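Here is the structure we will look at.
What you see below is based on every heavy atom in this structure, not just the backbone, and it leaves out hydrogens, waters and symmetry mates. Bear in mind the structure is a predicted one, so any value in this text is a computation, not a measurement. Start at 1 with the first residue, then count along the sequence.
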Amino acid sequence: MVAAPIAIKLKGDKLAPIASVTLASARTSALAARPDVITAQELEKEARGRGLRYSFDIKSKGKTFEVGIDTRTSKLLENKPDGPNAD
């Protein structure tokens, strides 16, 4: 498991005070689901008002995957190829 450099800024960091799960814990969960290198990270409102999620772009085996982690439970919400040709 390879962690991204600390220099990657968390987009949406103003929402962090209302997240129950820390960024560090969410990163650990995301890398457990999709081991490799985090290239981007975001804390965002979930579609249809269901709450917040951490979203990570993880570069793995030449592709970028979007991995979503619930901010209340640290459960995996999404782990799929990202982008227009994601199949």
Query raised in the report: Has the side chain of N79 got a donor or acceptor atom that lies under 3.5 Å from a matching backbone atom of A33?
Result: yes
Query raised in the report: Quick one: does Q41's side chain have a donor or acceptor within less than 3.5 Å of a partner on I8's backbone?
Result: yes
Report summary line: side chain to side chain donor-acceptor pair (under 3.5 Å) filter on E42, not counting sequence neighbours, yields none
Identify the two heavy atoms, one from [X] and one from [Y], that lie closest to each other, and give their separation to 0.1 Å.
X: S60; Y: F65; value: O-CE1, 3.5 Å
X: K61; Y: D36; value: N-OD2, 3.7 Å
X: Y54; Y: L23; value: OH-N, 3.3 Å
X: P17; Y: D13; value: CD-O, 4.1 Å

Query raised in the report: Taking a hydrophobic cluster as the set of Ile, Leu, Val, Met, Phe, Trp and Tyr residues connected by side-chain heavy atoms closer than 4.5 Å, whether directly or through intermediates, do L15 and L77 fall within one such cluster?
Result: no
Report summary line: Checking I69, V21, I18 against L52 for side chain to side chain contact (heavy atoms under 4.5 Å, CB included), the one that qualifies is I18
Query raised in the report: Taking 4.0 angstrom as the limit, do R53 and E44 come out as a salt bridge?
Result: yes
**Report entry** All pairs passing side chain to side chain donor-acceptor pair (under 3.5 Å) where residues 14-26 contributes a residue, at least two apart
**Finding:** none
Could you state the interatomic distance from [atom1] ([X]) to [atom2] ([Y]), rounded to the nearest 0.5 Å?
X: E66; Y: R34; atom1: CD; atom2: CZ; answer: 12.0 Å
X: T39; Y: D57; atom1: OG1; atom2: CG; answer: 4.5 Å
X: L10; Y: S55; atom1: CG; atom2: OG; answer: 10.5 Å

Report task. Could you walk me through whether D82 and F56 pass the side-chain contact (heavy atoms from CB on, under 4.5 Å) test, one step at a time? Result -> CA-CA 10 Å; D82 194 28; F56 300 96; over 6 Å; no
